[in-house]
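Okay, so here's the structure we're looking at.
When a residue number appears, it is its place in the shown sequence, counting from 1. Since we're looking at a predicted model, the values are computed, not measured.
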Amino acid sequence: MASSVIKQLPNMLTTLRLILSVPICLMILNENYGAVLWIAFIAGLSDGADGFLARKLNAVSRYGAILDPISDKVLLNSVYVSLAIVGLLPWWVALIVVIRDVLIVCGVLLYHWQFGHYEISPSLWGKASTFVQITFALMLLTDQVYPLLTPFSFQVGMWSLIVTAFISGGHYLYVWSIKALT
């Protein structure tokens, strides 16, 4: 019994990260940035811990494989929309993040319906884009509590986000097209 509960720990952490997107966004909307940083830290720890524990406990599951990227996308997309609502980010930048992820999810679903099972695995460009999204969001949030960054650093962060979003989105479309044609 205890072993089966322990093996569910990675899935519980992934689910926790999905649930944490709600208070994170509410705190951004209420401009409670100090608290947001702490909860985002917990969400970040859960993101690293769930995969590590799943492998270490031999508890890799289909649920975790599906919910992990969904949790990441829900959290990041809702954070970017919240940042745009409070005016820390232009709306068009938030839309790039959201549209990229909507296209990726639609691409996965379309591929699955047309061609069958699709093994979900992030590309190097997808990982880079997610890393930049997380870093830029943390830059924006941290600067609200500790205003140390220059406007130039935000420009570099924003354009890095845009470039990696377009490259990773294009890369996913390319890979799926090749798979569909073979």
Verify same cluster id: F166, V97 (apolar side-chain graph, 4.5 Å): yes
Same apolar cluster (I L V M F W Y, side chains within < 4.5 Å links), W92/V163: no
Least distance between heavy atoms, [X] atom then [Y] atom:
{"X": "V132", "Y": "Y80", "result": "O-OH, 4.4 Å"}
{"X": "A84", "Y": "A94", "result": "CB-CB, 3.9 Å"}
{"X": "R100", "Y": "S168", "result": "NE-OG, 2.7 Å"}
{"X": "L29", "Y": "V86", "result": "CA-CG1, 3.8 Å"}

If we only count heavy atoms from C-beta on, is the [X] to [Y] side-chain gap below 4.5 Å?
{"X": "S123", "Y": "Y172", "value": "yes"}
{"X": "S61", "Y": "N11", "value": "yes"}
{"X": "M12", "Y": "L9", "value": "yes"}
{"X": "I24", "Y": "V79", "value": "yes"}
{"X": "D68", "Y": "R17", "value": "yes"}
{"X": "L141", "Y": "Y146", "value": "no"}
{"X": "D143", "Y": "F154", "value": "yes"}
{"X": "M27", "Y": "Y33", "value": "no"}

Roughly how far, to the nearest 0.5 Å, is the [atom2] atom of [Y] from the [atom1] atom of [X]?
{"X": "I96", "Y": "Q133", "atom1": "CD1", "atom2": "CD", "answer": "10.5 Å"}
{"X": "I19", "Y": "L75", "atom1": "CD1", "atom2": "CG", "answer": "12.5 Å"}
{"X": "T130", "Y": "D101", "atom1": "OG1", "atom2": "CG", "answer": "7.0 Å"}
{"X": "I104", "Y": "L173", "atom1": "CD1", "atom2": "CG", "answer": "8.0 Å"}

Partner of S71 under side chain to side chain contact (heavy atoms under 4.5 Å, CB included), chosen from D50, I66, L18: L18
Test item: side-chain donor near acceptor, T14 and Y63, under 3.5 Å: no
Parallel, tilted or perpendicular, as decided by the 30° and 60° cut-offs, for the rings of F41 and W38: perpendicular
